[in-house]
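Below you'll find the structure, written out as structure tokens, and then a few comments.
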Amino acid sequence: DAGVIQSPRHEVTEMGQEVTLRCKPISGHDYLFWYRQTMMRGLELLIYFNNNVPIDDSGMPEDRFSAKMPNASFSTLKIQPSEPRDSAVYFCASSPGQGKNEKLFFGSGTQLSVL
Amino acid sequence: DAKTTQPNSMESNEEEPVHLPCNHSTISGTDYIHWYRQLPSQGPEYVIHGLTSNVNNRMASLAIAEDRKSSTLILHRATLRDAAVYYCILRTQGGSEKLVFGKGTKLTVNP
């Protein structure tokens, strides 16, 4: 298996532009997570899905952020409009299923720079 | 979720054992103890997890105190490739499936 695949690997954009980050989870995994990592705040969970349904979006910073999972093999995280403070590394992770001993598998991340 | 406390940083020499501590005094009876690590410029990766008994796998060992209020991740022979941030995380009974990361311990391995 190729693991969790994220694209793009790097994104540089200007303030005010729309940014879309993409994630392909591991096939057969029921859970998908979006995290953001900055030096100041560390790794923060933004939102997670179970069977394509958003379960907890309490970590989404504001209405400029939205996430979708139209099918089991694809998810997007959109920022519109983007701001310099959104600059961070965004990670997607997937997990096989329910259970407190289930592992999360992370992608390599998208490095976002908003100028 | 129950909290964990880890030292901010630790240093080790190559090929020596490393013991990374984690305190979790408010752990509940059915909380699992998970360890992840994050190598530079990569996403976190699973290392090991346990409930009550000590656990071993190809990457590391996990020693859990009898009262479960603390645990130690053991790297038996550190290599330069083990330099990473190590996160100790509890998955709480009744909690959701999300994994909440703290600040972790940054491990430096000296050649």
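So you know, we letter chains A, B, ... as the sequences are listed, proteins then strands, and number each from 1.
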Chain B contact via A/Leu43 - side chain, backbone, both or neither, heavy atoms under 4.5 Å
both

Among all residues two or more places apart in sequence or in another chain, which pass the ring-ring contact (aromatic ring centres under 6.0 Å, His included) test with A/His29?
A/Phe105

B/Leu39-B/Leu73 co-clustered via ILVMFWY side chain contacts under 4.5 Å
no

Please check if the number of heavy atoms outside A/Asp63 that lie under 6.0 Å from its CG is greater than 12.
no

Would a hydrophobic clustering, with Ile, Leu, Val, Met, Phe, Trp and Tyr connected at side-chain separations under 4.5 Å, put A/Leu21 with A/Ile26?
no

Just so I know, are the side chains of B/Tyr36 and A/Phe106 near enough to count as touching, which here means a heavy-atom distance under 4.5 Å?
yes

Heavy-atom neighbours of B/Asn8 CG exceed 12 at 6.0 Å
no

Within a reach of under 6.0 Å around CD of A/Gln80, are more than 12 heavy atoms found that belong to other residues, nucleotides or ligands?
yes

For the CD atom on A/Glu62, are there more than 12 heavy atoms of other groups (residues, nucleotides or ligands in this structure) within a distance under 6.0 Å?
yes

Could you tell me which portion of A/Gln37 (side chain, backbone, both or neither) has an atom closer than 4.5 angstrom to a non-hydrogen atom of chain B?
side chain

Output field: ring centroids B/Phe101/A/Tyr35 closer than 6.0 Å
yes

I need the B/Ile48 CD1 to A/Lys103 NZ distance, nearest 0.5 Å.
10.0 Å

Quick check: is B/Tyr87 connected to A/Val89 through a chain of hydrophobic side chains (ILVMFWY, heavy atoms under 4.5 Å apart)?
yes

Under 4.5 Å between side-chain heavy atoms, counting indirect links through other Ile/Leu/Val/Met/Phe/Trp/Tyr residues: same cluster for B/Leu75 and B/Met10 or not?
yes

Contacts of residues 102-111 of chain B with chain A (heavy atom under 4.5 Å):
B/Lys103

Distance col, row A/Leu104:CG vs B/His34:NE2, nearest 0.5 angstrom, shows 9.0 Å

Report yes if some heavy atom in the side chain of B/Gln42 is under 4.5 Å from a heavy atom in the side chain of A/Phe91; otherwise report no.
no

